[in-house]
Amino acid sequence: MRLKHVKGAEEAIEQSGFVVQEPRELRGSWRRDGRPLCIEIGMGKGSFITGMAAAHPETDYIGIEKFSSVLIKAVKKQQELALPNLRLLRMDAEELLTAFAPGEADTIYLNFSDPWPKERHAKRRLTSPQFLEKYKSILTEGGWVEFKTDNMPLFEYSVSSFEESGWKLMYVTRDLHADPVLSAGNIMTEYEERFSAKGNPIAKLAAVPGLRGSD
Ligand code: SAM
């Protein structure tokens, strides 16, 4: 993703009541009244997470984005929608364990994650074994990760990464939009809208961690 400096983004984010400014302070207490808690990592401009929060008011959502220049777009969407079940964070996924305690999240969504095609950057892929270890730690027992992309080399890498890290794949499709069951209720991301309009098939997987303590 090309990043442009967005004037005033930092200040607007700091002043927004929809952005959790100090996520570390909520570590261990994100869940509200026993409601399900779902996180999107690398949410971009926030179409998916705002769509999910609007469609599922019984569930709480947290949208995480690394860059202010991108996060500000999601903040603006949320300022218009004021969804009570959506909180936004500016955070690098590397710091996930500083903000979330073990077993806090029911579902983690990764959508069109940056591919980092060079082998020497493989650890930066959000589906690398290093990141899967972090997700495993913060997921509840029975929690899962969902991952969508149109980038097939990244998708095949990710399938192997989940399998080799001991995760169980619940389903895998290499053409989500052609699958009436798996695409039911699908909320499109910005990248999904863009790349499916060009005719690219969208791949998706869902995976649950292996048993804790078994590896
Ligand atoms: N998920 C959106 C979509 O599908 O339209 C955006 C996809 S964009 C290719 C990937 C996004 O992930 C970018 O906004 C990028 O800044 C963010 N990102 C990449 N690495 C990240 C990390 N380590 N932590 C948090 N966000 C990250």
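Each residue takes its place number in the sequence, starting with 1. In listed order, ligands and their atoms are each counted from 1.
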Checking the N or O distance criterion of under 3.5 Å, is ligand 1 in contact with E94? no
For ligand 1, which atoms, with element, lie under 4.0 Å from some heavy atom of F67? 16 (O)
Check ligand 1 against E40 and write out every atom of the ligand that is under 4.0 Å from a heavy-atom position of the residue. 1 (N)
Out of G42, G63, S47, who is nearest to atom 11 (C) of ligand 1 when you count heavy atoms only? G42
Which of these, D60, T59, I49, sits in a side chain to side chain contact (heavy atoms under 4.5 Å, CB included) with C38? T59
For F112, atoms of ligand 1 separated by under 4.0 Å from a heavy atom: 4 (O), 7 (C), 8 (S), 9 (C), 10 (C)
Which residues satisfy the side chain to side chain contact (heavy atoms under 4.5 Å, CB included) test with A53, sequence neighbours excluded? Y61, L83, N85, L86
Could you tell me, atom by atom, which parts of ligand 1 come under 4.0 Å of a heavy atom of E190? 5 (O)
If the cut-off is 4.0 Å to any non-hydrogen atom of M91, which atoms of ligand 1 fall inside it? 24 (N), 25 (C)
When you compare the side chain of Q15 with that of V75, does any pair of heavy atoms fall below 4.5 Å? no
Check step by step if side-chain contact (heavy atoms from CB on, under 4.5 Å) holds for Q79 and F18. CA-CA 8 Å; Q79 273 163 350; F18 296 110; 3.9 Å; yes
What atoms of ligand 1 come closer than 4.0 angstrom to any heavy atom of D92? 22 (C), 23 (N), 24 (N)
I need the atoms of ligand 1 closer than 4.0 Å to a non-hydrogen atom of N111, numbered in the order shown. 1 (N), 2 (C), 4 (O), 7 (C)
Restricting to heavy atoms, the pick from R125, R90, E65, K148 nearest atom 16 (O) of ligand 1 would be E65
Give a yes-or-no answer on whether the side chains of N186 and K148 include a donor-acceptor pair shorter than 3.5 Å. yes
Can you tell me which residue among K77, K73, K45 is in a salt bridge (charged side-chain N to carboxylate O under 4.0 Å, His left out) with E190? K77
Assign the ring pair F195 / Y191 to parallel, tilted or perpendicular, where the plane angle (0 to 90°) is split at 30° and 60°. tilted
Could I get the full list of side chain to side chain contact (heavy atoms under 4.5 Å, CB included) partners for P102, not counting sequence neighbours? R27, S137
Heavy-atom contacts with M43 under 4.0 Å: which atoms of ligand 1 show up? List them by number with element. 1 (N), 2 (C)
